[in-house]
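Letters go in sequence order (proteins before strands), and every chain restarts at 1.
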There are 2 protein chains.
Amino acid sequence: MTCSDESQFIQMNDQMVEQWGLFEAAFIGPRDGNPYVDVSLSAWLMCGDTIINTAGFFDGDGTYRIRCMPNRVGRWEYVTHSSHPELDGKQGTFECVVPSEDNHGPVGVRNQYHFAYADGTPYYPFGTTCYAWTHQGESLEVQTLQTLAEKPFNKLRMCVFPKHYPYNRNEPPLHPFERDAQGNPDFKRFNPAFFQHIEQCIGQLGALGIEADVILWHPYDRWGYANMDEDADLRYLRYLIARLAAFRNVWWSLANEYDFLLRVKPMERWHRFFAVLAAEDPYQHLRSIHNGDPDMNYDHTRPEVTHVCIQNWDVKRIHAWRASYGKPVINDELEYEGNIPMPWGNIHADELVHRCWIMAVNGGYAGHGETYVHSDDVLWWSKGGKLYGESWRGFAFLRRIIEESAGHGLTPIADVPENRIFPRVLTQWYWTRIAGGMAEDCYLIYLGEHQMAALPVWLEDDAYEIDIIDTREMTIQPGDLQPFNDDVMGHNPHIEQHKPNYYVTLPTRPYQAVRFRRL
Amino acid sequence: MTCSDESQFIQMNDQMVEQWGLFEAAFIGPRDGNPYVDVSLSAWLMCGDTIINTAGFFDGDGTYRIRCMPNRVGRWEYVTHSSHPELDGKQGTFECVVPSEDNHGPVGVRNQYHFAYADGTPYYPFGTTCYAWTHQGESLEVQTLQTLAEKPFNKLRMCVFPKHYPYNRNEPPLHPFERDAQGNPDFKRFNPAFFQHIEQCIGQLGALGIEADVILWHPYDRWGYANMDEDADLRYLRYLIARLAAFRNVWWSLANEYDFLLRVKPMERWHRFFAVLAAEDPYQHLRSIHNGDPDMNYDHTRPEVTHVCIQNWDVKRIHAWRASYGKPVINDELEYEGNIPMPWGNIHADELVHRCWIMAVNGGYAGHGETYVHSDDVLWWSKGGKLYGESWRGFAFLRRIIEESAGHGLTPIADVPENRIFPRVLTQWYWTRIAGGMAEDCYLIYLGEHQMAALPVWLEDDAYEIDIIDTREMTIQPGDLQPFNDDVMGHNPHIEQHKPNYYVTLPTRPYQAVRFRRL
């Protein structure tokens, strides 16, 4: 019996399965020897001219499984291949039906710097981090899911392995490998219950509409999982692919702070992990890797990297990251709201929201995290539980604005030389200081610490709806276009060639945004 | 008759003059031809084994002058040298007496990254900018001086030439050169009244204890002063040296935004200006040059550059500037408090003060400026007048804290590897995020947007006075050292080798500073 019986994400053989749902077939096979390494199992799953070739896995107790996320509606057939005759040549069928309303498929890259679900619906990541939430026991996990259900997050960074770190001394209920009497793991024998639990959690996130940004390795370890050799690492990676790839809400994050692991996992090994994922994940889930030292970004230009995952507080560098990598940029650690001594975990809520606005309006994405001192060391960033801070509110407001404004993704105004709303003479140094993004019929400007009383613009006409957005008060007030006159810019002698024709009056107050939407 | 009669800074021949005061001798000479170029005049001024060789200048109306800032107490003799017999071989004496209480002499570099007056008193620059205040007519100039008298500034950036720029369209009362009926300047004939007025203003600043950071060139011009050729530039430079160098509160700032002038003044010319100043200013007043584009810093490693003057909003780069140039760093334009449309002139007061704290605590210096829209275009940053903003208050408070704390200048804690207050394991990424500076027996930490509830430290004992400084509320509360326990850092497994032994409890509130002073 596995958690798959309980999850709406997993449907058994011969049942109907939604497009991008999870089909699973189970088989009884050999128990002797070490089924994790002795027995190979894979399957072809076919629908019309579509073929998915997927690895199966041993789930303990004599049970082997194959899983599939069917990507088209229709009747699917499958056939297994195995080194063991008992598992070889198994056949079956299932019916893939149109997805339910909330099922938009897996998320992929679209429009170069942005994301969309497989059905074309834009996806704007507004993630948070609970690194070790799956290792805290049922009651805290339930509380974490309750919090997530109420909060604005649609992605969660979470580690597979348990964590040994400040505020994280508790032993996990389950371990990923079988262990001997002394607690030494056998890296050749997985613990199915551990992975079933991870899957349950991923399924629960999926039911909440939350992408699971699954972190495969990290340095914060006392059990030996961080120090596995390459064979063990690759066995673990392939086991995860076989188990998790059929979950439509899985993203692969190779590491939290890969650079702190370089002494045990050299750079070539990380490249290899990417290559294995690119070759063997039938669904090409998103693949990223996260640095620790801000000067140790991975080479995100490598083709296997689907998007840039970054840790960096210096968010006005977003332009450089986009230009350097040409891919979506998610800054998942721009320091967390909190009050612990470590500086990565103690910025004020307003500051975090400010940084998220800078990332988002410049066509990047940012992640939330919270680290307030807690009497039982239950800090959201690692264990989940409850939120005690305020930044999630500003994050929810930002998400609303982006969803209303960004279309297929915002492009920094600085990257669109032909845009005329801000003639270059006005703005040659605007965009390193002030955030400006544009989508089809929308300009979104975030002024941050800047508090100009008037924003001059050039527009073809006045057929725009103007919103003046107070990101601190979380209010939206209508704004007016007024005809430009020379007083607005102090009779600027440098704008004769490209004089603005309108301006918007703003309050002299920081942390405002202005939105122009074509009527 | 010149303004020198009125200024307490200028004392005539045969009078007593304070050390670092201004001695002046006047002579009647030829009026025909062009005395500015036809007649050479210089003088040796001697006291014991000290000799000052200074250029004289023509001050109009048949009057020639030599000036001197005597740098030692005693009886001085002088003798003139001239191409014209009427001015050659003039001799005289004056008595140099001990300086009055507020006269500490000129400011120079001390302790590599810092400044002191000639008498050894530390000087911490807390400047502001009124580029064109000397070109606004008497009533506004008087108001500017009244404001300066009440406010915390001890340096003022000011241009010699008038300014043509947004909010700056008014014609100056005086022009630096004689002009023909069409208004075309004759760059070979200075207008003494113009320079006498500049000197009056510099003297008035000196009387308020304010250093005059005199800007020699700038690009914002409609009269042709920005486009002078090299001969005219050098004649102007030498005229300024002859007139102004004897004012002890003069600093030479070659340009505001030199890089915007490169098309008319190539880089070699700027090098030449520095070389002339270094060779011909008898007092070696401070010499700097100010960039426009943040990527166009001058090569401040050149030996003639005494200190780094920089325009850059990105103040956490202070570590790189100090490391690159090895000289005092003054960031005089980290964006101004205000609300004009241009982003260099519209940040919130709190943000400006925040940036100034980052600069100052990291062993750099920062400048104030204010650009609020004004019905008559009287913006402090250019014309002076009154201050309408709030950042000057935070600036005054910061000045007080630095004067109490910085001794001979703060050194970034990150630059002192042997410091033990913050063991490196705690702080390897602290100091790019949080500002920490140390002087002899003082540590000053500015937390900015960081709001840790506890600051762990390692101290040899608890004989420290702790101040918890709220930079927004401008309050100072006593803090307590408490014995460190593992809960403070969540039982951090990474600090076993260098465990802190104390911590300070802080409010969970941003924009705090903490000061440790040895009892």
Side-chain angles (χ1 to χ4, degrees), chain A residues 164-169 220 222 292-294 313-314 316 335 337-348 350-352 354-355 372-373 377 379 426-430 432-434 447-456 487-495 500 503 506 508-511, chain B residues 164-169 220 222 292-294 313-314 316 335 337-348 350-352 354-355 372-373 377 379 426-430 432-434 447-456 487-495 500 503 506 508-511:
Chain A
H164 175 66
Y165 198 71
Y167 311 102
N168 291 265
R169 293 177 301 150
Y220 306 113
R222 65 171 176 263
D293 185 328
W313 58 263
D314 194 4
K316 287 186 181 178
E335 301 177 332
E337 179 188 358
N339 67 350
I340 61 172
M342 291 75 103
W344 49 260
N346 60 28
I347 61 171
H348 188 270
D350 288 343
E351 175 71 15
L352 176 55
H354 169 60
R355 295 182 188 183
Y372 280 105
V373 172
D377 282 357
L379 281 65
L426 300 185
T427 63
Q428 42 190 335
W429 291 287
Y430 258 47
T432 57
R433 305 169 178 221
I434 289 169
L447 301 173
E449 66 274 25
H450 294 272
Q451 54 173 5
M452 56 264 276
L455 184 69
D487 285 340
V488 173
M489 293 190 69
H491 296 258
N492 191 324
H494 307 110
I495 60 168
Y503 73 99
L506 300 177
T508 295
R509 200 158 61 224
Y511 307 107
Chain B
H164 174 67
Y165 198 70
Y167 311 102
N168 292 266
R169 291 177 303 150
Y220 306 112
R222 66 171 176 262
D293 185 328
W313 57 264
D314 194 4
K316 288 186 181 178
E335 301 177 332
E337 179 187 358
N339 68 350
I340 60 172
M342 291 74 104
W344 49 260
N346 60 29
I347 62 172
H348 188 270
D350 288 342
E351 175 72 16
L352 177 55
H354 169 58
R355 295 182 188 182
Y372 280 104
V373 172
D377 282 355
L379 281 65
L426 300 185
T427 63
Q428 44 189 336
W429 291 286
Y430 258 48
T432 56
R433 306 169 178 219
I434 289 168
L447 301 173
E449 65 274 24
H450 294 271
Q451 55 173 6
M452 56 264 276
L455 183 69
D487 285 340
V488 173
M489 293 191 71
H491 294 258
N492 192 323
H494 307 111
I495 59 168
Y503 72 100
L506 300 176
T508 296
R509 200 158 60 224
Y511 308 106

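- For A:Tyr511, the part lying near chain B is the side chain, with the backbone staying farther off; criterion is any non-hydrogen pair under 4.5 Å.
- We find the CE-OH distance between B:Met342 and A:Tyr430 to be 8.0 Å, quoted to the nearest 0.5 Å.
- A distance of 9.0 Å separates CD of B:Glu449 from NE2 of A:His354, quoted to the nearest 0.5 Å.
- Heavy atoms closer than 4.5 Å to chain A are found in the side chain of B:Tyr372, but not in its backbone.
- For chain A, the option among B:Ile340, B:Leu506, B:Thr508, B:Leu379 with the highest count of heavy-atom pairs below 4.5 Å is B:Thr508.
- Separating the CG atom in A:Asp314 from the CG atom in B:Asp314 is a distance of 5.5 Å, to the nearest 0.5 Å.
- Applying the side chain to side chain donor-acceptor pair (under 3.5 Å) test to B:His348 and every residue at least two apart in sequence or in another chain returns nothing.
- If you tally non-hydrogen atom pairs under 4.5 Å between each of B:Arg222, B:Glu337, B:Glu335 and chain A, the highest count goes to B:Glu335.
- Atom OH of A:Tyr165 sits about 7.0 Å away from atom CG of B:Asn492, to the nearest 0.5 Å.
- Distance check: A:Arg509 CZ to B:Asn339 CG gives 12.5 Å after rounding to the nearest 0.5 Å.
- Between B:His450 and A:Pro343 there is a side-chain heavy-atom pair separated by less than 4.5 Å.
- With a 4.5 angstrom heavy-atom cutoff, B:Glu351 touches chain A only via side-chain atoms.
- Contact of A:Ile347 with chain B is made through backbone and side chain together, with heavy-atom distances under 4.5 Å.
- For the pair B:Gly338 and A:Gln451, the tightest heavy-atom approach, listed with the atom from each and the gap, is O-NE2, 3.1 Å.
- Contacts between B:Leu455 and chain A at a heavy-atom distance below 4.5 Å are absent for every atom of the residue.
- Scanning both residues, B:His164 and A:Pro493, for their nearest heavy atoms gives NE2-CB, 3.6 Å.
- For the atom pair CG of B:Asn346 and CG of A:Leu447, the computed distance is 7.5 Å after rounding to the nearest 0.5 Å.
- Here the side chains of B:Pro166 and A:Met489 are not in contact, with every heavy-atom distance at 4.5 Å or above.
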